[in-house]
J.: 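For reference, the structure I am asking about is given below.
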Amino acid sequence: MKPEQTDSSQGQPYDAFYFSHCCTPGLPYERSEHWLRFFDGIAEHIATELQPASVLDAGCALGFLVESLRKRDIAAFGVDISEYAIQNVHADIRPYCWTGSIIEPLPQEYDLIVSIEVLEHLPAREAEQVVANLCKYSQRVLFSSTPREFRESTHVNVQPVEHWAKLFARHGFIHDLDYDASFITSWAMLFRRQKLTPEQIVQQYERKLAHLALENWDLRVGALEMRRQLAANYETFSKLQAQASEYSDLQAQLNQLQTCQDELAMLKNSRGWRLLDALRRSKPYNSLYARIYQRWLKPKQENR
């Protein structure tokens with residue numbers, strides 16, 4: 001069910017420039033393979049794990065999640081404060097999305113309400129009103145709001161995850177610690193309306209803490225083993241590096257020897273060498289070599 005269009009003057013900052021330059025640095029928020037694949041993955045988790053019959057995407061922007069959910073035969077709808085965003089929803093999905101504020105009453109109840117990176121854009125008081133409003137129209141809220149991205153100018157209400165858990169708890173919605181919503185962001189949470197005793201809540205949190213402690217221990221053991229392996233590999237590398245240095249020195253000596261051999265070969269192939277070799281091989285007393293020896297070389301040897 002789609003409500004009547006409402007005044008969207010509050011959505012004016014979220015225009016074409018905002019979606020092109022301000023959502024994610026260096027990555028325009030537009031109909032691209034990246035964003036379609038991202039929201040298709042979210043829709044697959046929702047469809048297979050939560051299996052809702054109807055979903056509202058509160059802050060749907062360009063309607064990518066609504067589109068992906070409807071491909072899976074889920075009655076999905078979307079609302080967003082940005083008139084620009086709603087005007088640029090795919091034509092097939094536009095009848096299921098409308099411009100409006102999620103502080104205002106919603107047209108119906110839903111099996112699941114999704115709010116992804118929305119409430120950090122609202123002042124604290126309005127964000128509290130949104131939480132109260134969403135809790136009126138569903139038993140489950142799949143929620144994500146960045147606890148660390150302060151650089152964006154429209155992020156006026158960046159809060160740690162416990163802040164949102166506290167707000168939802170006021171309305172009887174408890175963080176489902178057994179559900180992993182990290183397919184959205186590492187800080188995403190599923191809130192369910194639950195009537196739990198303090199003992200049950202403590203039990204849930206202790207179970208989660210124990211699981212995280214074991215996971216952290218395994219990671220530490222793995223890191224230490226990797227460190228030992230790196231140390232061993234470094235020692236082996238150092239030995240190989242020393243051997244490589246020795247090999248390089250031997251190779252340099254071999255290159256020098258080869259150079260000497262090449263020079264000797266060139267010398268032996270020279271005309272002068274061949275002439276001297278011929279003189280050396282001639283008969284001692286009747287040859288030109290003998291005469292040169294008797295006249296020039298022998299006197300020099302005797303004078304030493």
J.: Ile86 and Ala61: which non-hydrogen atoms are nearest, and at how many Å?
T.: CD1-O, 4.1 Å

J.: With rounding to the nearest 0.5 Å, note down the distance linking OG1 in Thr236 to NZ in Lys239.
T.: 6.5 Å

J.: Apply side chain to side chain contact (heavy atoms under 4.5 Å, CB included) to Asp111 and Val55, showing your working.
T.: CA-CA 6 Å; Asp111 288 340; Val55 176; 6.0 Å; no

J.: Do you know which two heavy atoms are closest between Leu119 and Ser145, and how far apart they sit?
T.: C-OG, 4.3 Å

J.: Less than 3.5 Å apart, any donor N or O on the side chain of Ser32 or Glu30 sitting next to an acceptor on the other?
T.: no

J.: State, with a plain yes or no, whether a side-chain heavy atom of Trp187 is found less than 4.5 Å away from one of Ser182.
T.: no

J.: Mind listing the side-chain donor-acceptor pairs of residues 213-223 below 3.5 Å, one per line with the distance, residues two or more places apart or on another chain?
T.:
none

J.: Calculate, to the nearest 0.5 Å, the distance between atoms CG and CG belonging to Asp180 and Leu190 respectively.
T.: 11.0 Å

J.: Please determine whether the number of non-hydrogen atoms from other residues, nucleotides or ligands lying under 6.0 Å from atom CZ of Phe183 exceeds 12.
T.: yes

J.: Does Phe173 belong to the same Ile/Leu/Val/Met/Phe/Trp/Tyr cluster as Val202, with side-chain heavy atoms less than 4.5 Å apart forming each link?
T.: no

J.: Between the side chain of Glu149 and the main-chain N/O of Arg151, is any donor-acceptor distance below 3.5 Å?
T.: yes

J.: Could you check if a side-chain atom of Ile81 sits within less than 4.5 angstrom of a side-chain atom of Thr99, using non-hydrogen atoms only?
T.: no

J.: If you look only at distance, which donor and acceptor atoms sit under 3.5 Å apart when one is on a side chain in residues 66-77 and the other is two or more places apart or in another chain?
T.:
unit_1, atom_1, unit_2, atom_2, d
Glu67, OE1, Arg31, NH1, 2.9
Glu67, OE1, Arg31, NH2, 3.4
Glu67, OE2, Arg31, NH2, 2.7
Ser68, OG, Phe64, O, 3.2
Arg70, NE, Ala76, O, 2.7
Arg70, NH2, Ala76, O, 3.1
Arg72, NE, Glu44, OE1, 2.8
Arg72, NH1, Asp40, OD1, 3.0
Arg72, NH1, Ser68, O, 3.0
Arg72, NH2, Asp40, O, 3.4
Arg72, NH2, Asp40, OD1, 3.2
Arg72, NH2, Asp40, OD2, 3.3
Arg72, NH2, Glu44, OE1, 3.1

J.: Look up atom CD in Gln251 and atom CD in Gln253, then write down how far apart they are to the nearest 0.5 Å.
T.: 10.0 Å

J.: Is a donor on one side and an acceptor on the other found under 3.5 Å between the side chain of Asp176 and the backbone of Met189?
T.: no

J.: Which atom pair, heavy atoms only, marks the closest approach of Pro147 to Val158?
T.: C-CG1, 3.5 Å

J.: Within the distance-only criterion (no hydrogens, no angle test), does the side chain of Arg140 pair as donor or acceptor with the backbone N or O of Arg193 below 3.5 angstrom?
T.: no

J.: Between side-chain atoms of residues 162-171 and protein atoms elsewhere (two or more places apart, or another chain), which donor-acceptor pairs fall under 3.5 Å?
T.:
none

J.: What heavy-atom pair brings Ala58 and Leu134 nearest, and what distance separates the two atoms?
T.: CB-CD2, 4.1 Å

J.: Run Leu122 and Val156 through side chain to side chain contact (heavy atoms under 4.5 Å, CB included) and show every step you take.
T.: CA-CA 6 Å; Leu122 300 178; Val156 296; 5.7 Å; no

J.: What residues, two or more places apart in sequence or in another chain, satisfy ring-ring contact (aromatic ring centres under 6.0 Å, His included) together with His34?
T.: none

J.: Output yes when a side-chain donor or acceptor of Ser115 lies under 3.5 Å from a complementary backbone atom of Phe143, and no otherwise.
T.: no

J.: So, Gln204 side chain and Ile201 main chain: donor-acceptor pair closer than 3.5 Å or not?
T.: no

J.: With a 4.5 Å heavy-atom cut-off, do Ile42 and Leu65 have their side chains touching?
T.: yes

J.: Report the distance from atom CD of Glu109 to atom OH of Tyr137, rounding to the nearest 0.5 Å.
T.: 8.5 Å

J.: Is Leu177 reachable from Leu209 through a run of hydrophobic residues whose side-chain heavy atoms are each under 4.5 Å from the next?
T.: no

J.: On a heavy-atom basis, which atom in Ile46 and which in Pro52 lie closest, and how many Å separate them?
T.: O-CD, 3.4 Å

J.: How many angstroms lie between atom OG of Ser82 and atom CG of Leu62, to the nearest 0.5 angstrom?
T.: 8.0 Å

J.: Do you know the tightest heavy-atom contact between Thr185 and Ser144?
T.: OG1-OG, 2.9 Å

J.: Nearest 0.5 angstrom please: Ser138 OG to Leu112 CG, how far?
T.: 5.5 Å

J.: Kindly determine whether Glu120 and Gln159 satisfy side chain to side chain contact (heavy atoms under 4.5 Å, CB included), including the steps that lead there.
T.: CA-CA 7 Å; Glu120 67 270 17; Gln159 300 288 350; over 6 Å; no

J.: Has Glu117 got a side-chain atom pairing as donor or acceptor with Thr146's backbone, closer than 3.5 angstrom?
T.: yes

J.: Checking Asp57 against Ile113 for the side chain to side chain contact (heavy atoms under 4.5 Å, CB included) test, could you report, in this order, the C-alpha distance in whole Å, the side-chain angles of both residues, the deciding distance, and whether it holds?
T.: CA-CA 6 Å; Asp57 186 2; Ile113 293 179; over 6 Å; no

J.: Please indicate whether Gln261 has more than 12 foreign heavy atoms, meaning atoms of other residues, nucleotides or ligands, lying under 6.0 Å from its CD.
T.: yes

J.: Using salt bridge (Lys or Arg N to Asp or Glu O under 4.0 Å) as the criterion, list what pairs up with Glu199, not counting sequence neighbours.
T.: none

J.: Has the side chain of Ser245 got a donor or acceptor atom that lies under 3.5 Å from a matching backbone atom of Gln241?
T.: no

J.: Give a yes-or-no answer on whether the side chains of Gln129 and Asn133 include a donor-acceptor pair shorter than 3.5 Å.
T.: no

J.: Tell me, please, which residues at least two apart from Asp178 pass salt bridge (Lys or Arg N to Asp or Glu O under 4.0 Å).
T.: Arg207

J.: Side chains of Arg94 and Gln87: closer than 4.5 Å at any heavy-atom pair?
T.: no

J.: Could you tell me if the side chain of Pro123 sits less than 4.5 Å from the side chain of Asn157, heavy atoms only?
T.: no

